[in-house]
Structure formats: C-alpha cells, structure tokens
Amino acid sequence: MTLIKSISGIRGTIGGHTGDTLNPLDIVKFTTAYATFIGGKKIVVGRDGRISGPMVRDVVCGTLVGMGYEVIDIGLATTPTTELAVRWHQADGGIIITASHNPTQWNALKLLNSEGEFLTAADGAEVLRIAEEENFNYAPVEQLGRVLKDDTMNQQHIQSVLDLRLVDVEAIKARKFRVCADTINSVGGIILPDLFKALGVDFEILNSECTGQFAHNPEPLEKNLQGIMDKMKQGGFDLGIVVDPDVDRLAFICEDGKMFGEEYTLVSVADYVLSSISRNSRDSSDSSSLATVSNLSSTRALRDVTEKHGGKYTAAAVGEVNVTTKMKEVGAVIGGEGNGGVIYPESHYGRDALVGIGLFLSSLAQKGMKASELRRTFPDYQIAKNRIDLTPETDVDAILVKVKEMFAADPEATVNDIDGVKIDFPTKWVHLRKSNTEPIIRVYSEAQTMDEADAIGKKLMQVVYDMQ
C-alpha cells in the first residue's frame with residue numbers, strides 16, 4: 001500500500017507494520033511542504049478523535065513551529081469547525097487531522113487555504129511538488145513559532161448555526177424533539193450534545209465517548225448502523241442522527257427505525273432551503289437564485305426537487321473542492337454530496353453536519369411532519385454503492401476506456417467522462433471512478449428499483465474483474 005495523495009488530502013495507515021504508510025517522517029515532510037506553499041504566519045490545527053491524533057498533532061504542530069508559524073491548536077474539533085476557525089482567526093491556512101470515514105488505523109492531513117476551504121487541485125499539486133523536492137528552509141532559533149490553544153471554537157460553531165436565517169430555533173424548541181445520535185466515539189460526542197441543548201432538543205447519544213475506538217465501521221451506511229436502527233425501532237424518538245468521525249457527513253434514521261436514506265440528507269435540506277427562498281422571494285420565477293449542485297455520483301432526486309422549485313441543477317466531479325468550485329461558478333444556494341454532505345454557502349463552503357441538522361430539524365418542525373412522512377414527499381430512487389479493491393497491477397485508465405467503448409454505440413446512453421465514466425440512461429445511471437481517498441474503484445448506480453440499480457452496477461464490476 002502506498003501513501004494516498006489527492007485533492008482530498010494526504011492519507012495512509014499508521015503503525016509498526018510493513019506497508020503502513022503515514023509515518024512521522026511523512027507528516028514532517030508534507031507539513032513542511034504545505035507551510036512552505038502557504039508562506040504565511042498563522043495556521044489553525046484541529047483533529048478528530050482518532051487514537052493516532054495526538055501523535056500526528058504533536059508532529060504537525062512541532063513542524064509548524066520549526067517553520068516559524070504561530071499555530072492555533074483548537075484541539076478535538078470537527079472538520080467544519082476547523083474550517084470556520086481558519087476564517088475566525090484570520091489565519092493563512094489550516095490543517096485538519098482526520099481520515100474522515102476510514103477505519104481506526106487510518107489518519108490524514110487535510111489542507112485548507114485562508115478561506116478555510118480545501119486546496120484546489122492545482123494548489124494541491126504544488127504542495128506535492130514541493131514535498132518531492134524536499135528543498136526546505138526552517139526558521140532560525142530566534143524566529144521559531146509558538147502554539148496557542150483555543151477551546152472556544154466549538155461553541156462559536158454552534159452559535160453560527162443558531163444564527164443562520166433558515167435555522168428556525170423557536171420552531172425546533174416548540175416541537176420538543178427527542179433524538180438518538182450515534183457519534184462513533186469521536187468528536188461528534190463532544191459537540192452534538194451542546195448543539196442539541198442549544199436547540200432545546202432532548203437526546204440520547206450512542207458511542208458518545210471520544211476514545212477513537214470506533215464501535216463499528218465508521219462510514220455512515222445502513223449496513224454499519226444496526227445498533228442505532230434497533231434502538232429507533234424500540235420507539236420513543238422522533239429522529240435518529242448519525243455522523244462520521246469528523247462530523248462532515250450526516251445520515252438520518254426515521255422514527256420507525258428505517259433509514260431516511262443517506263442520499264436524501266442533501267435532497268431534504270435542499271428542498272427546505274429552496275422552498276424557503278421561493279416563499280420569501282418577490283420574484284420566485286428567477287431560477288438563477290435557485291441553483292443547486294451535487295457530484296456525479298449523487299441521486300437524481302436533487303435535480304428533480306430543484307426543477308420542481310423552478311431552479312437549475314448542475315453536476316460536478318466528485319470531491320468537495322470540485323463541488324464548491326461549481327457552486328461558486330453557478331451561484332448555488334445549497335449543494336453537497338450524496339454521501340450525506342451538506343454545503344450551505346451562507347455558513348461556509350464546506351460539508352457541515354451541524355448545519356444539516358439545524359436545517360433538517362427546522363424543516364420537520366415547520367411542516368409538522370414525522371421523518372418518514374417527509375421522506376415520502378421526495379422522488380424515490382434506489383442507489384447501489386459498490387466497491388472493488390484495486391491490485392497494484394490494475395490499469396484503471398484501460399478499464400475506463402473499455403467501459404466507454406461498451407456504451408458508445410448505445411443510442412439511449414449519454415457518456416460523461418469528466419470524472420471516471422458515468423453512463424446516463426432515461427431511467428437509470430451508473431458511475432465508475434477511482435476513489436480519491438482509498439485504493440478502490442467505486443461503482444455507484446441508481447434506478448427506480450434496487451434490483452435494477454444493482455444489476456447495472458454488477459455489469460460494470462464484472463468488466464473490472466475480467467481485466468484485473
């Protein structure tokens with residue numbers, strides 16, 4: 001296994017075994033390259049609850065001090081909290097120490113610019129070039145930096161959510177929600193209780209201790225969430241809430257214990273935002289103010305909901321920076337990714353589960369609906385999410401060429417190759433692409449039934465197997 005370098009950051013496994021890839025030498029090297037690229041004076045550092053987090057933080061902060069930087073260490077913090085902290089501290093950049101939804105042995109450095117947003121592909125490539133050259137200059141002893149602690153960012157993040165125009169705090173309090181949340185033994189267990197208290201929501205937290213010993217696979221997919229689903233089936237809760245270790249992804253579970261649908265987190269929040277803007281706008285016929293964006297692997301339901309409100313939907317390549325770039329380009333009022341990532345520009349250009357929770361509860365409260373009732377108001381698509389582990393010999397480019405050739409002559413197929421290969425049909429689609437964060441090929445497919453979605457996905461998976 002090799003160190004994974006991408007627009008999503010630099011990540012690998014940590015430990016004493018052969019094949020582990022993110023060691024202290026790597027951390028020093030890439031932190032130095034990033035600090036060289038930023039060329040400023042102040043950098044914010046935050047981390048999730050992973051076991052390796054303190055070690056990685058110490059190496060990162062020590063390296064930045066050696067580069068002459070003032071380091072603002074905000075401690076255990078969500079990814080969106082760290083992004084916002086960069087702006088609030090008027091820092092030159094930020095480093096988030098998290099491997100997001102990856103298992104315990106993984107960690108990563110996610111790199112931010114002065115806006116608290118992920119580096120562009122071009123900027124990321126420049127950091128990698130600097131790292132490879134290793135032509136580093138550290139500060140003389142008289143100009144070494146320092147580390148300052150700031151433990152106020154979580155509360156400031158919560159207050160920023162409460163202050164959003166479309167987060168209806170009074171309606172949420174009046175509804176007297178009772179929720180159950182699974183915070184996967186990471187930083188969600190620190191910040192979500194305070195958010196719920198501020199919103200007047202009664203709550204119970206599963207896996208609340210921030211130990212980094214994840215109670216189950218940390219990716220918030222149905223197959224990993226049987227514990228909270230069983231808890232919800234026992235009754236007594238209005239909503240189940242699931243976040244990943246760094247709290248940028250968000251999934252809901254209905255009051256009856258059934259998944260709301262990870263893909264429908266963004267769809268439901270977008271519907272609320274679009275309907276609120278339409279209701280409050282003097283000229284709701286102006287679709288330019290009702291733009292939305294998601295990535296190519298996300299459900300068609302967002303397109304359908306957007307067009308229902310008279311807006312325009314645009315698809316972007318997979319990767320948060322690609323989505324935010326497209327959102328800025330088209331002036332989107334809401335966007336994100338089908339993996340439960342909500343990006344609401346009024347707050348900031350980053351996936352934020354706290355913002356998603358505030359907007360979703362506002363929608364439920366204003367509509368007086370149960371979660372299961374709200375889910376039934378949206379177009380019903382079924383999406384199959386499969387993966388293929390790559391071998392070192394796998395030629396991904398050759399596979400993508402083969403897939404394109406398979407459908408080139410099909411009159412009903414529209415092929416999009418801006419990110420892997422996506423084939424759109426009138427009633428279904430399939431998307432095959434190499435992951436930015438793991439040594440796998442992701443094969444996502446969507447149709448009106450799960451059997452149909454799975455069938456077209458498996459068809460492409462067999463092509464990959466045949467070529468490995």
Side-chain angles (χ1 to χ4, degrees), residues 1-31 34 45-60 76-80 82 94-112 118-119 124 127-128 131 182-189 207 209-221 223-225 242-249 251 318-321 337 339-341 351 353 385 387-392 433-442:
M1 187 181 295
T2 58
L3 188 68
I4 299 174
K5 312 165 189 175
S6 75
I7 61 173
S8 298
I10 301 154
R11 74 178 63 197
T13 54
I14 289 179
H17 302 290
T18 301
D20 291 331
T21 56
L22 187 64
N23 57 49
L25 293 175
D26 294 320
I27 297 165
V28 170
K29 176 179 175 179
F30 288 104
T31 301
Y34 168 71
V45 175
R47 68 178 180 91
D48 71 10
R50 289 171 186 276
I51 298 168
S52 61
M55 180 276 287
V56 178
R57 175 207 57 208
D58 289 348
V59 176
V60 166
L76 288 161
T78 75
T79 281
T82 309
I95 297 178
I96 310 168
I97 301 168
T98 176
S100 192
H101 62 274
N102 289 123
T104 306
Q105 70 270 28
W106 288 81
N107 215 328
L109 308 182
K110 291 187 175 183
L111 310 177
L112 305 174
F118 289 121
L119 300 185
V127 172
L128 295 178
D182 183 348
T183 59
I184 196 63
N185 303 116
S186 191
V187 291
N207 306 314
E209 296 297 319
C210 187
T211 62
Q213 297 280 6
F214 302 146
H216 52 78
N217 185 307
E219 190 163 14
L221 304 177
K223 63 183 180 181
N224 302 325
L225 302 177
V242 181
V243 294
D244 64 340
D246 67 325
V247 199
D248 62 353
R249 287 174 63 172
V318 174
E320 184 172 326
V321 68
E337 300 184 286
N339 61 11
R351 295 181 300 181
K385 297 184 178 183
R387 55 180 279 172
I388 301 170
D389 292 328
L390 295 175
T391 66
R433 61 178 292 276
K434 185 176 181 181
S435 171
N436 287 333
T437 59
E438 299 175 78
I440 63 174
I441 289 178
R442 298 193 187 276

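Quick caveat: nothing in here was measured; it's all calculated off a predicted structure.
Considering all non-hydrogen atoms of both residues, P103 and F214 come closest at C-CE1, 4.2 Å. Heavy atoms only, all atoms of each residue included: P220 and A251 are closest at O-CB, 4.1 Å. Taking each heavy atom of G49 and C210 in turn, the nearest pair found is CA-SG, 3.7 Å. Nearest heavy-atom pair across I97 and R57 is CD1-CA, 3.5 Å.
For the residue pair D246 / S186, no side-chain donor-acceptor distance below 3.5 Å is found, with atom types taken as modelled.
Atoms OG1 and CG, from T183 and N207 in turn, are 6.5 Å apart once rounded to the nearest 0.5 Å. Remark: S435 OG to I388 CD1 distance equals 12.5 Å, nearest 0.5 Å. One distance of note links OG of S100 with CZ of R11; it measures 6.0 Å at 0.5 Å rounding. If you take CG on N185 and CZ on R50, they are separated by 12.0 Å, rounding to the nearest 0.5 Å.
At least one side-chain heavy atom of N339 sits less than 4.5 Å from a side-chain heavy atom of R351. The closest side-chain heavy-atom distance from F118 to L112 is below 4.5 Å. Counting heavy atoms from C-beta on, the side chains of L22 and I27 come closer than 4.5 Å. Looking only at side-chain heavy atoms (C-beta outward), V59 and V28 come within less than 4.5 Å of each other. In this structure, the side chains of M55 and N107 stay at 4.5 Å or more apart for every pair of heavy atoms. You'll find the side chain of T82 stays beyond 4.5 Å of the side chain of K110, heavy atoms only.
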Next item on the list: Check the pair V187 / V243 against side-chain contact (heavy atoms from CB on, under 4.5 Å), numbers first and verdict last.
Entry: CA-CA 10 Å; V187 291; V243 294; over 6 Å; no

Margin query: Run L76 and R47 through side-chain contact (heavy atoms from CB on, under 4.5 Å) and show every step you take.
Written below: CA-CA 5 Å; L76 288 161; R47 68 178 180 91; 3.4 Å; yes

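With hydrogens and angles ignored, the 3.5 Å screen pairs no side-chain donor or acceptor of H101 with any backbone N or O of D244. At distances below 3.5 Å, not a single donor-acceptor pair connects side-chain atoms of D48 with backbone N or O atoms of T98. Side-chain atoms of Y34 never come within 3.5 Å of backbone atoms of A131 as a donor-acceptor pair (strictly under, hydrogens ignored).
Taking the side-chain hydrogen bond (donor to acceptor under 3.5 Å, both in side chains) definition, one finds that K385 meets it with E262, E263, sequence neighbours left out.
Screening T211, T104, I14 for a side-chain contact (heavy atoms from CB on, under 4.5 Å) involving I51 leaves a single residue, T104.
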